[in-house]
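Proteins come first, then strands; the chains are lettered A, B, ... in the order of their sequence lines, and each starts at number 1. No experiment lies behind these values; they were computed from the predicted model shown.
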Amino acid sequence: MKYEFLKIEKKWQEYWDRNRTFKIGEDPTKKKLYILDMFPYPSGSGLHVGHPEGYTATDIVTRYKRMSGFNVLHPIGWDAFGLPAERYAMQTNIHPRTTTAENIATFRRQIKMLGLSYDWDREVDTTDPQYYRWTQWIFLQLYNSWFDPRSKKARPIETLREEFRARGTSALEVEHSFTASEWIGKTPLQQQAALAEYRLAYIAEIPVNWCEQLGTVLANEEVDEWTEKGYSVVRRPMKQWMMRITAYAERLLEDADELDWPISTLEQQRNWIGRSEGAHIDFPIRDSHQHIRVFTTRPDTLFGATYMVLAPEHPLVDVLTSVTERSHVERYRKEAARKSDVERGAEQEKTGIFTGSYAINPATREQIPIWIADYVLMGYGTGAIMAVPGHDQRDFEFAKKFNLPIRRVVEAGQDDDAAYEGEGLGVNSSGEEVSLDALSTPDAKKTIIAWLEKKSLGRARVQFKLHDWLFSRQRYWGEPIPIIHMEDGTLRQVPESELPLLLPELAKFQPSGTTESPLALATNWVNYVDPADGKKGRRETNTMPQWAGSCWYYLRYIDPSNERQFCDPAKEKYWMPVDLYIGGAEHAVLHLMYARFWHKVLFDLGHVSTKEPFMKLRHQGLILGEDSRKMSKSRGNVINPDTVVGEYGADSMRLFEMFMGPLEEMKPWSTRSVEGVFRFLNRVWRLFVTEEETIDASIQDIPPTEEFEKLYHQTVKKVSLDIEALRFNTAISQLMIFTNEAMKLEVKPRALLRNFVLVLSPFAPHIAEELWERLGNKESLAFESWPSYDPGKVIEKTIEVVFQVNGKVRSRVEVPLDTPEEELERLALDDVGVKRHIDGKPIKRKIVVKNKLVNFVVGS
RNA sequence: GCCGAAGUGGCGGAAUUGGCAGACGCGCUGGACUCAAAAUCCAGUCUGGCUCACACCAGGUGGGGGUUCGACUCCCCCCUUCGGCACCA
């Protein structure tokens with residue numbers, strides 16, 4: 001009988017479904033493992049070959065660990081909100097819900113076709129109101145929390161309100177301080193504005209990335225993706241919901257050290273957070289009581305600050321611009337505003353313009369001119385810098401172009417054409433009150449900061465590149481934000497008991513025509529009247545970004561149908577954290593940082609028990625087309641999983657994707673190689689099953705030969721260790737070696753071949769189940785125990801030792817394991833090949849390594 | 001420009017507390033089976049030299065240098081590819 005993969009695979013997929021084979025629950029007697037895939041966005045084009053790579057990897061580990069006695073949580077779901085369904089709706093007026101359901105059905109069919117052992121009773125869908133009800137609930141948790149810098153934790157906003165009532169801002173270091181009585185004197189709107197400065201979710205009017213074609217704003221993290229696709233993004237000030245992720249910058253950075261994640265991913269997160277240590281320094285403005293605050297990482301170069309530069313958007317520019325310069329400055333600001341950040345960055349030449357005003361360098365007491373230039377960004381630090389052209393290349397270029405003075409204040413080699421940005425001893429840095437001369441850079445930093453702090457002119461400061469997360473989108477197909485804007489300007493939240501706040505039905509899907517989302521068109525939904533007091537309001541029309549649903553889905557899997565809580569605490573405690581998480585590297589700073597942030601907030605508020613969600617993370621490498629180029633429709637090199645499974649079967653597909661090479665590496669598809677693993681499975685089939693559909697008569701209850709038994713134990717060992725280390729390619733290679741040897745045997749020991757089926761099963765579960773059944777077993781092998789290996793039987797009895805002369809292999813001999821060194825040496829000296837190369841020359845040195853080699857170093 | 005990862009046969013890749021380079025698979029070559037083909041099985045396959053052949057010799061893991069009895073593995077410099085960041089003060 002031929003290996004009829006289609007029949008076999010269908011049979012076992014139905015069996016697993018019917019028997020709910022992979023359904024699991026909490027079991028305190030077993031050790032738990034949580035093995036997670038990044039859930040897919042169910043696009044209209046269906047699964048591509050990249051999906052099964054990660055999914056198969058986790059499935060192999062899951063099946064292996066399950067058989068090794070672990071209680072393994074391995075779920076799947078759908079990240080189903082997103083723009084494509086909404087755009088399709090605008091063209092066809094077909095509700096995104098319908099499109100999404102169809103796409104999910106396709107994905108589900110395709111994933112089931114691969115024989116992945118998910119617990120399908122835990123499937124989640126971010127667009128399901130019973131799911132997004134809790135996304136909205138978590139949003140309200142964030143809205144109703146603030147970050148207490150003293151404990152570095154999120155706390156309920158009520159605690160802040162109490163603190164303000166009791167002692168104002170006296171115990172907090174804040175910009176807008178007030179006393180308790182001032183707080184009490186504030187109007188509700190003023191109080192609301194004050195609290196907004198602390199909430200973890202808040203509304204702010206800031207310059208955002210607006211994309212006209214998409215009709216929505218984008219997060220900083222998303223801009224690149226869309227501009228690459230040819231969309232244009234402009235900065236414009238808009239009122240938007242923000243998430244105060246910056247409050248967690250330090251913890252996101254620190255806790256990353258404990259994660260078993262790819263170095264490059266951790267590095268990307270570190271870069272994105274962008275921590276730098278330095279100081280704030282206030283420069284008094286001449287003829288004014290105001291000052292300009294700058295951030296610098298090199299306060300030690302303060303004596304070299306010969307001018308200042310403000311970002312064109314800096315709020316002080318208006319005040320500083322002198323009458324004579326006003327027209328120039330205005331023109332420059334307009335030009336800068338027109339350019340995008342990318343355009344600004346692309347410019348070779350520095351541009352800028354003098355404001356007509358001067359500041360005082362607090363160290364030298366000199367007057368220094370204040371300029372504006374677009375190489376200073378409003379979005380980082382204070383939007384103003386002290387320019388030290390002697391020790392900053394950008395300032396140097398600017399100073400050269402505009403003939404501004406350059407003063408060297410750090411000792412360096414002679415190079416007049418560039419700034420010296422390294423460290424060194426201070427020079428030209430003596431003032432009346434403080435001197436940095438002859439101090440090393442770190443000492444100079446300490447000294448100057450101490451002086452600045454004493455004089456109240458500045459203080460040490462840690463600055464982050466990370467910005468708060470722009471959280472609202474002008475879209476229909478997303479989670480509604482459960483907030484109501486009342487007519488009097490106050491914000492109300494939709495009570496928890498009224499969640500989920502459902503998306504309204506629309507007669508026609510179309511853009512709102514304004515900067516609002518299409519939700520604005522649902523008049524009945526938008527307009528709100530409080531049933532109790534009759535006050536009127538308007539619902540928030542923005543929706544949440546796609547990242548919202550994926551920020552916490554791993555928690556919902558734990559308790560997917562709980563109607564009272566997002567997740568039962570006892571279950572959460574049992575399953576969390578995620579032990580292994582596999583998904584694409586493209587989420588390194590988006591999903592993976594947002595999810596960590598939300599998780600930390602939930603942790604602070606006592607809703608989850610771990611400070612990090614994902615302990616071990618790996619990325620699957622990109623699968624390229626057969627031509628080693630990225631798969632794309634336009635190149636015509638796209639491989640469709642349906643076709644592959646149809647021609648060779650799911651087991652071959654799984655095996656091939658794992659055999660191609662290391663999981664994390666980028667690698668090209670090869671249909672020839674799929675045939676290779678397909679041949680292997682055919683060989684496995686023929687190893688067990690005859691043409692007449694019986695179990696091969698050569699499989700008998702006999703003891704194995706010593707040689708074959710050793711190979712068996714080696715195989716079990718290698719496959720076990722390789723799965724643990726996610727080295728699936730070498731595990732499969734060992735399975736092939738075992739099969740090739742077994743084929744050669746005239747009689748085959750049944751016990752060992754039986755266990756081989758178990759060892760094969762995580763990789764090729766369908767054929768394994770079929771063989772298992774044909775070997776006379778009644779139950780699925782999914783919960784059979786994983787074969788153990790005997791370390792004593794893995795070891796070779798004899799071993800090949802090489803004899804070298806001057807480091808070159810001249811002979812090899814087979815000797816018993818652990819042959820003593822003296823014996824090896826004697827054998828080597830007797831060896832013909834060795835003798836020939838020693839050729840009577842004196843032996844200067846002997847190196848003998850047991851079980852490895854003998855090396856003679858001889859004179860010439 | 002800066003940060004990170006990686007360069008091994010015709011191809012995908014194996015082998016690192018420094019100790020036989022090329023496991024396994026693909027492809028290719030030859031053979032068996034067959035009327036023939038497919039499928040399957042067996043043998044060979046890093047390069048060069050020498051040889052009827054076996055054997056033997058030399059070279060070989062992006063390039064150059066170094067450490068070492070011995071380097072794909074460790075150190076320094078350079079080149080290439082991929083990923084990320086990119087006026088972040």
Exercise for review: Indicate, with a heavy-atom threshold strictly under 4.0 Å, whether A:Arg727 touches base, sugar-phosphate, or nothing.
Suggested key: nothing
Check your understanding: Which is true for A:Asn740 with a 4.0 Å heavy-atom rule: it touches a base, it touches only sugar-phosphate, or it touches nothing?
Key -> sugar-phosphate
Practice item. Check every strand shown and say whether A:His391 touches a base, only sugar-phosphate, or nothing at a heavy-atom separation below 4.0 Å. Key: nothing
Practice item. Indicate, with a heavy-atom threshold strictly under 4.0 Å, whether A:Arg812 touches base, sugar-phosphate, or nothing. Key: base
Practice item. Report yes or no: do A:Gln734 and A:Thr715 form a side-chain donor-acceptor pair below 3.5 Å? Key: yes
Review point. In terms of the angle between their ring planes, are A:Phe678 and A:Tyr3 parallel, tilted or perpendicular, with boundaries placed at 30° and 60°?
Key: tilted
Practice item. Describe the nucleic acid contact of A:Thr297 in one word from base, sugar-phosphate, nothing, applying a heavy-atom distance below 4.0 Å. Key: sugar-phosphate
Check your understanding: Which one is paired to B:C85, where only Watson-Crick or G-U wobble pairs with both distances under 3.5 angstrom count?
Key -> B:G1
Point to revise | Non-hydrogen side-chain atoms of A:Trp685 and A:Phe5 separated by less than 4.5 Å | key: no
Review point. With a non-hydrogen cut-off below 4.0 angstrom, is A:Lys852 in contact with a base, only sugar-phosphate, or nothing?
Key: sugar-phosphate
Check your understanding: Base, sugar-phosphate alone, or nothing: which one does A:Arg275 contact when heavy atoms must sit under 4.0 Å apart?
Key -> nothing
Review point. OP1 or OP2 of B:C26 less than 4.0 angstrom from a side-chain nitrogen or oxygen of A:Arg679, does that happen here?
Key: yes
Exercise for review: Pick base, sugar-phosphate or nothing for A:Gly381, based on heavy-atom distances below 4.0 Å to the nucleic acid.
Suggested key: nothing
Check your understanding: If you look at every strand shown and take non-hydrogen atoms under 4.0 Å, does A:Lys808 touch a base, only sugar-phosphate, or nothing?
Key -> sugar-phosphate
Review point. How would you label the contact of A:Gln804 with the nucleic acid (heavy atoms, under 4.0 Å): base, sugar-phosphate, or nothing?
Key: base
Exercise for review: Scan A:Met743 against the nucleic acid and name what it touches under 4.0 Å (heavy atoms): base, sugar-phosphate only, or nothing.
Suggested key: nothing
Practice item. Could you check whether A:Asn855 gets within reach of a base, just the sugar-phosphate, or nothing at all, counting any heavy atom under 4.0 Å? Key: base
Exercise for review: Using a heavy-atom cut-off of under 4.0 Å over every strand shown, decide if A:Val376 touches base, sugar-phosphate, or nothing.
Suggested key: base
Exercise for review: Can you tell me, in whole Å, how much space there is between the C1' of B:G25 and that of B:U17?
Suggested key: 30 Å
Exercise for review: Could you tell me if the ring centre of A:Tyr307 sits under 6.0 Å from that of A:Phe398?
Suggested key: yes
